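Working notes, beginning with the structure itself.
So you know, we letter chains A, B, ... as the sequences are listed, proteins then strands, and number each from 1. Fair warning: this is a prediction, and the values are worked out from it, not measured in the lab.
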There are 2 protein chains.
Amino acid sequence: MTIEPELCRVEDALGILVGKWKPIILLLLLKNGTQRFSELKRKVPEITQKMLTKQLRELEDEDIIERVVYPQVPPKVEYSITEYGKSLEPILAAMHEWGTKHTLHKQQKLEQESM
Amino acid sequence: MTIEPELCRVEDALGILVGKWKPIILLLLLKNGTQRFSELKRKVPEITQKMLTKQLRELEDEDIIERVVYPQVPPKVEYSITEYGKSLEPILAAMHEWGTKHTLHKQQKLEQESM
DNA sequence: CCTATTAGTATCATTTAGGATACTATACTA
DNA sequence: TAGTATAGTATCCTAAATGATACTAATAGG
């Protein structure tokens, strides 16, 4: 296996996770299931509507999440992780595990430096 | 476990992998071991020296790679993955695996749409 | 009739990432 | 003595991501 195709596959996965708000959106949906636009907005107040919409659309375009519009007024739109999207969980789990170790690693480094 | 610390850990890992050239640099070093600056440059000709330097420095700052300078002229600097950096491999592997499936998924989607 | 509600868009501004190009030091070689 | 090689810096510029703010439609409730 040369490096090139391997790189592409890695970057495919990375491309889907990258975006200032995508990880938290995915974690929220994975954890709490189907949620309305306004619920997500409420749980991540720092995000602007424009950004929330944009990140949701991008995830939807990749079939990671599903968008269901109810024909009501005021509008109701629900988002949920697709079965396919759930396949990202091992990656997120691996990152979470690594990140936890990394936090320790950084702390130890700081302690060393201060001695 | 609330979402916040979980998110931070995920973003720590993500932050280290994100950067236009970081994945390929890591894959090259993981695959081929210690390499000089110029070797990396040769294998990734599209990258500018400035960017290569920058990405290498960022990886070094996180202890993912190690930089060894030989006091020679012309200069010789070797880069290698640290033991700690090797712990990123499961993440890269998970991404690679996922990306491979994702490529298939996209192909199937295209075929469906063209029917 | 006025107001709140929801899930957005539209427009503009700012920030961050990335790129192009030129420059450097110093020893070795032709 | 001019040219080459290496691992960078410095400066300027462009493009992409993100943010702030204001706006919309249509209905229900007071």
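Here the side chain of B:Gln55 pairs no donor or acceptor atom with the backbone of B:Ile25 at under 3.5 angstrom.
Atom CG of A:Leu52 is separated from atom P of C:dT6 by 14 Å (rounded to the nearest Å). Atom P of nucleotide C:dT9 and atom CG of A:Leu56 are separated by 11 Å, given to the nearest angstrom. If you measure from atom CD1 of B:Ile25 to atom C1' of C:dG18, you get 13 Å, rounded to the nearest angstrom.
A salt bridge links B:Lys31 with A:Glu6: at least one charged nitrogen is closer than 4.0 Å to a carboxylate oxygen. Between B:Arg67 and B:Glu78 there is no salt bridge, since no side-chain N of the basic residue sits under 4.0 Å from a carboxylate O of the acidic one.
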Going through the checks in order, is the side-chain contact (heavy atoms from CB on, under 4.5 Å) test met by A:Leu30 and A:Glu89? CA-CA 8 Å; A:Leu30 280 167; A:Glu89 260 199 297; 3.6 Å; yes
Steps toward side-chain contact (heavy atoms from CB on, under 4.5 Å) verdict (B:Leu110, B:Gln108): CA-CA 5 Å; B:Leu110 281 176; B:Gln108 286 166 6; over 6 Å; no
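Of the residues in residues 32-45 of chain A, those with a non-hydrogen atom less than 4.0 angstrom from any atom of DNA chain C are A:Arg36, A:Phe37, A:Ser38. Looking at residues 66-74 of chain B, you'll see B:Val73 sit with a heavy atom under 4.0 Å from some atom of DNA chain C.
In this model, the phosphate group of D:dA7 is not approached by any side-chain N or O of B:Arg57 to a distance below 4.0 Å at OP1 or OP2.
A side chain to side chain contact (heavy atoms under 4.5 Å, CB included) with B:Tyr79 is found for exactly one of B:Leu28, B:Ile65, B:Leu59, B:Thr34, namely B:Ile65.
If you check D:dA7, C:dA7, D:dT9 against the side chain of A:Val77, the one that comes closest is C:dA7.
A:Met95 is listed as a side-chain neighbour of A:Leu17, based on a closest heavy-atom distance under 4.5 Å. Using a 4.5 Å heavy-atom threshold, the side chains of A:Lys22 and A:Ile16 count as separate.
Side-chain contact check for A:Glu62 and B:His102: at least one donor-acceptor pair (N or O, by modelled atom type) lies under 3.5 Å.
In B:Glu83, the CD atom is not crowded: 12 or fewer heavy atoms of neighbouring residues, nucleotides or ligands sit closer than 6.0 Å. For B:Glu60, the CD atom sits in a packed shell: over 12 heavy atoms of surrounding residues, nucleotides or ligands are nearer than 6.0 Å.
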Distances under 3.5 Å between nitrogen or oxygen atoms of protein and nucleotides 18-25 of chain D:
| residue | atom | partner | partner atom | Å |
| --- | --- | --- | --- | --- |
| D:dT18 | OP1 | A:Lys20 | N | 3.0 |
| D:dG19 | OP1 | A:Lys20 | NZ | 2.4 |
| D:dG19 | OP2 | A:Trp21 | NE1 | 3.0 |
| D:dG19 | N7 | A:Lys50 | NZ | 3.3 |
| D:dG19 | O6 | A:Lys50 | NZ | 2.1 |

